[in-house]
Amino acid sequence: MAQHSTIVILDFGAQYTQLIARRVRELNVYCVILPCTAAWEKIQACAPHAIILSGGPASVYDAGAPKAAPEIFQAGVPVLGICYGLQYMAQQFGGVVRGAGQREYGRARMEILETEPLFTGLPAEQSVWMSHGDSVEKLPEGFRVLARSGEVVAAIAHPGAGMWAVQFHPEVRHTEHGRQILANFLFNICKLRPDWTPDAFVGEQIERIRATVGPSGRALCALSGGVDSSVAAMLVHRAIGDRLTCVFVNNGLLRLREFEKVQQNLRQRLGLNLIGVDSEERFLRRLEGVSDPEQKRKIIGAEFIAVFEEEARKLAGAAGAPEFLVQGTLYPDVIESVSVHGPSAVIKSHHNVGGLPEKMGFQLLEPLRLLFKDEVRRIGLELGIAEELIWRQPFPGPGLAVRILGPVDREKIELLQRADDIAGEEIKRAGLYRSLWQSFMVLLPVRSVGVMGDFRTYGYTAVLRAVQSEDGMTADWARLPHELLEVISNRVINEVPGINRVAYDISSKPPATIEWE
C-alpha cells in the first residue's frame with residue numbers, strides 16, 4: 001500500500017474543521033481528522049508529517065477548555081495552529097491570552113510584517129476572515145509576530161521549534177489568499193508531496209477492498225442511484241467483479257418514476273448486477289403515524305437492513321450468503337451523525353450511519369467514508385462514470401420521508417412527487433441544475449384557504465428549497481430568478497390539486513439544515 005504524506009488535523013470543536021480537511025485535500029495532500037482528545041499513540045499511528053490545530057468555541061483559559069496530548073509539540077513535525085489553535089499554542093509555551101474588548105467576526109484587514117515562508121508570494125495587506133473573542137496579549141519566548149490586524153496579533157511563529165499559527169481562518173473562502181497560505185505551509189514549510197490524487201485513491205481502495213472481502217467473499221451494495229452509492233458500487237465491482245450484487249430498494253419514498261429510471265441507468269450505463277426490490281408496502285406500514293424525524297430515520301435504516309438481509313438469504317447458495325454490505329457513506333454523514341471529533345455536536349443521525357441497528361448480519365464496507373462529495377465526484381470521473389450520474393444532486397437515504405413534515409401517507413407522497421418533478425424540470429430548463437448543490441420541494445403539514453376560479457380551496461403548502469454549497473457542511477440559499485420562482489409556483493398550484501400555496505426557503509446552513517428533517 002502506498003504511503004502518502006499525511007496531515008493530522010486535531011479538532012477542538014470548530015465549525016470549520018471539515019473545511020480545513022477539504023482545503024488540504026484540494027491541494028492533493030492526504031489528511032485525517034482526530035478529536036483533540038486523541039491519545040498520542042493514536043496520533044502517532046497516523047505517521048503525521050505535520051499537525052494542524054483547528055479553531056474552537058472555547059477560551060483557552062476556561063476551566064475544562066479542550067486540550068491535546070503534549071507530545072504533539074515534541075514530535076519533530078511542523079505544527080500549524082488556527083484561531084483557537086494559535087491561542088492554545090501560545091498558552092502552552094507560556095504566552096498570555098486574554099478576552100478581547102470586542103469580539104472580531106467577519107472580514108478584517110491583515111498587515112504582513114514578515115513574508116517568508118508562510119506568506120511567500122502574498123501582498124503585504126490582504127483581507128482575512130476572523131472569528132474570535134480572545135487574542136494573544138503576550139507572546140511566548142522564542143515566538144515572533146508575523147502579521148497583525150490592527151492591534152490584534154494575526155500570525156505568529158517559532159521557526160526553530162516548527163511552530164506556526166494564524167488567528168484568522170485560511171480555510172474559508174472569505175480569506176483572500178487562504179489557499180496559498182495553506183499551500184505555503186504544506187509545501188514551503190513541511191516539504192510535502194501532493195500525492196493524494198483520484199488515480200492513487202482508486203488503486204489503493206481496490207487493493208484494500210480485495211484484502212477485506214477476500215478471494216471468495218461476496219457483497220451486497222445498497223444502491224440508491226445517487227453519485228455516492230454508484231461510485232462505491234463501481235469501486236467494489238472493480239475489486240471483486242460479479243461477487244458483488246447491487247440491490248435497489250423502492251421504499252415508496254422515491255421521486256416520481258425513479259424506481260424504473262434508476263434501474264435502467266445503472267444496468268445499462270454501469271453494467272452492474274442489479275436487483276430491484278419493491279418494498280413500498282412494508283416501509284409505509286412501518287412509518288404510519290410517525291411524526292418524529294429521528295424515529296423516521298431509524299425506522300427506515302432498520303427496514304433497509306431487514307430487506308438486504310432477506311435478499312442475502314435468497315442469494316445464498318453453496319458459497320453462503322453475502323457477508324458484506326456496501327454503502328456510499330461520506331465523511332459529512334459521519335460527522336453529522338456521530339460526535340466523534342471531541343467537542344463537535346451531533347446534528348442529526350443519517351439512516352446509513354446513526355440510523356443503523358446495533359446488530360445486523362453484515363460487515364459494513366464503506367470505501368468512501370472519509371471522502372467529501374467533491375472528492376467522490378472526482379473519483380467517479382476517474383472510474384469513467386457518466387457526468388449525468390456524477391452531477392446528480394444529493395437525495396437523502398430516507399427519501400421523501402424527511403421532506404414531508406409530520407406523518408407520511410400515500411396522498412402526501414404523490415403530491416410531493418409531482419411538485420418536486422415540476423421544480424426539477426423547470427430548474428433544468430433554466431440551466432441552473434448543476435450550479436445548485438440541491439433543489440427540491442418540501443410538503444408542510446399546513447393547510448390554508450385559497451381561491452381557484454370561483455371556488456374555495458383548502459390545500460397544503462409546498463416549499464421550494466434551493467441551496468449552493470461545496471460539501472453540504474455549510475450552504476447558502478440560492479438567489480433564483482424571480483421569473484423562475486413564478487413559473488414553478490404557477491405550475492405546482494395549477495397542476496397539483498391539493499397544493500394551493502408555494503413558498504421559498506431563504507435560510508442558510510447554519511443555522512438551518514439543508515433538509516428540513
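Lys296 places a side-chain N or O within 3.5 Å of a backbone atom of Gly406 that can act as its donor or acceptor partner. The main-chain N or O of Asn490 is found under 3.5 Å from a side-chain atom of Asn494 such that the two form a donor-acceptor pair. Not one N or O on the side chain of Tyr84 forms a donor-acceptor pair closer than 3.5 Å with the backbone of Gly13. At distances below 3.5 Å, at least one donor-acceptor pair connects side-chain atoms of Lys412 with backbone N or O atoms of Pro407. Distance alone, capped at 3.5 Å, places no donor-acceptor pair between the Glu171 side chain and the Arg23 backbone. In terms of modelled atom types and a separation under 3.5 Å, the side chain of Tyr433 and the main chain of Gln393 share a donor-acceptor contact. At least one donor-acceptor pair closer than 3.5 Å links the side chain of Glu323 to the backbone N or O of Arg218. Remark: the backbone N or O of Ala239 is paired with a side-chain donor or acceptor of Arg210 at under 3.5 angstrom.
With respect to the salt-bridge test (charged N to carboxylate O, under 4.0 angstrom), the residues Arg257 and Asp421 qualify. Salt-bridge formation is not detected for the pair Glu388/Arg392: no Lys NZ or Arg NE/NH1/NH2 atom is positioned less than 4.0 Å from an Asp or Glu carboxylate oxygen. Ionic pairing of Arg410 and Glu280 is present here: one or more N-O contacts between side-chain nitrogen and carboxylate oxygen are shorter than 4.0 angstrom. A salt bridge links Arg429 to Glu426: one of the charged nitrogens lies within less than 4.0 Å of a carboxylate oxygen.
Looking at Leu364 and Thr329, their side chains never come closer than 4.5 Å, going by heavy atoms from C-beta outward. You'll find the side chain of Leu432 reaches within 4.5 Å of the side chain of Pro481, heavy atoms only. The shortest distance between side-chain heavy atoms of Ile488 and Ile427 falls below 4.5 Å. Under the 4.5 Å side-chain criterion, counting only non-hydrogen atoms from C-beta, Leu253 is in contact with Ile300. You'll find the side chain of Trp437 reaches within 4.5 Å of the side chain of Lys373, heavy atoms only. Contact annotation: the side chain of Val290 never approaches that of Val408 to less than 4.5 Å [non-hydrogen atoms, C-beta and beyond]. Taking the side chain as every heavy atom from C-beta outward, Ile209 and Pro367 approach each other to under 4.5 Å. When side chains are defined from C-beta on, Pro198 does not count as touching Leu381, because their heavy atoms never get closer than 4.5 Å.
Atom CG of Asp420 is separated from atom CZ of Phe395 by 7.5 Å, given to the nearest 0.5 angstrom. Atom CG in Leu415 sits 11.5 Å away from atom CG in Leu400 (nearest 0.5 Å). Once rounded to the nearest 0.5 Å, the distance linking CZ of Arg238 with CG of Leu383 reads 5.0 Å. We find the SG-CZ distance between Cys221 and Phe248 to be 12.0 Å, quoted to the nearest 0.5 Å. Remark: Ile413 CD1 to Leu256 CG distance equals 12.0 Å, nearest 0.5 Å. Atom OG of Ser507 sits about 10.5 Å away from atom CD1 of Ile514, to the nearest 0.5 Å.
The two residues Val8 and Cys46 come nearest to each other via the heavy atoms CG2-CB, 3.7 Å. Nearest heavy atoms, Cys31 versus Arg25: O-NH2, 3.2 Å. For Asn251 against Phe283, the heavy-atom pair with the smallest separation is O-CB, 3.3 Å. When all heavy atoms of Ala68 and Leu10 are compared, the pair lying nearest together is CB-CD1, 4.1 Å. Residue Ile385 comes nearest to Ser230 through the heavy atom pair CD1-O, 4.1 Å, listed as atom of the first residue, atom of the second, then distance. Shown here for Pro394 and Arg377, the closest heavy-atom pair between the two residues is CD-NH2, 4.3 Å.
Counted by atom type alone, Glu258 and Gln417 present zero donor-acceptor pairs between their side chains at under 3.5 Å.
Open room surrounds NZ on Lys42; 12 or fewer heavy atoms of other groups in view lie less than 6.0 Å from it. Annotation: Asp62, atom CG; neighbour count of heavy atoms from other residues, nucleotides and ligands within 6.0 Å is above 12.
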Go through Leu244 and Asn273 one step at a time and tell me if the side-chain contact (heavy atoms from CB on, under 4.5 Å) criterion holds.
CA-CA 7 Å; Leu244 169 70; Asn273 177 22; over 6 Å; no
Derivation of the salt bridge (charged side-chain N to carboxylate O under 4.0 Å, His left out) call for Arg418 and Glu414
CA-CA 6 Å; Arg418 293 175 65 185; Glu414 289 174 5; over 6 Å; no
Residues Leu274, Val262; criterion side-chain contact (heavy atoms from CB on, under 4.5 Å); working and verdict
CA-CA 10 Å; Leu274 177 65; Val262 166; 5.7 Å; no
Tell me, with the steps shown, if Leu443 and Ile499 meet side-chain contact (heavy atoms from CB on, under 4.5 Å).
CA-CA 9 Å; Leu443 191 69; Ile499 295 177; 4.1 Å; yes
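Partners of Arg282 by side chain to side chain contact (heavy atoms under 4.5 Å, CB included), not counting sequence neighbours, listed by chain and number: Ser279, Arg285, Glu303, Ala306, Val307, Glu310. With sequence neighbours excluded, no residue satisfies side chain to side chain donor-acceptor pair (under 3.5 Å) with Glu288. In this structure Tyr30 satisfies the ring-ring contact (aromatic ring centres under 6.0 Å, His included) test together with Trp196, sequence neighbours excluded. For Ser54, the side chain to side chain contact (heavy atoms under 4.5 Å, CB included) test picks out Asp11, Phe12, Ala14, Thr17, Ile20, with sequence neighbours left out. Residues meeting the ring-ring contact (aromatic ring centres under 6.0 Å, His included) test with Trp129, sequence neighbours left out: Tyr105, His174. Remark: Asn265 pairs with no residue by the side chain to side chain donor-acceptor pair (under 3.5 Å) rule, at least two apart or across chains. Remark: Ile275 pairs with Thr245, Val277, Glu311, Leu315 by the side chain to side chain contact (heavy atoms under 4.5 Å, CB included) rule, at least two apart or across chains. Residues satisfying the side chain to side chain contact (heavy atoms under 4.5 Å, CB included) criterion with Asp199, sequence neighbours excluded, are Thr197, Glu382. With sequence neighbours left out, the side chain to side chain donor-acceptor pair (under 3.5 Å) criterion links Gln468 to no other residue. Remark: His237 engages no residue in a ring-ring contact (aromatic ring centres under 6.0 Å, His included) (not counting sequence neighbours).
His169 and Tyr16 have perpendicular rings, their planes meeting at more than 60° on a 0 to 90° scale where under 30° would count as parallel.
Legend: side-chain hydrogen bond (donor to acceptor under 3.5 Å, both in side chains) pairs involving residues 477-489, not counting sequence neighbours, sorted by first then second residue: Asp476-Arg479.
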Pairs under 3.5 angstrom only: tabulate donor-acceptor contacts from the side chains of residues 457-464 to other protein residues two or more places apart or in another chain.
from	atom 1	to	atom 2	distance (Å)
Thr457	OG1	Gly450	N	3.4
Thr457	OG1	Gly450	O	3.2
Thr457	OG1	Asn500	ND2	3.1

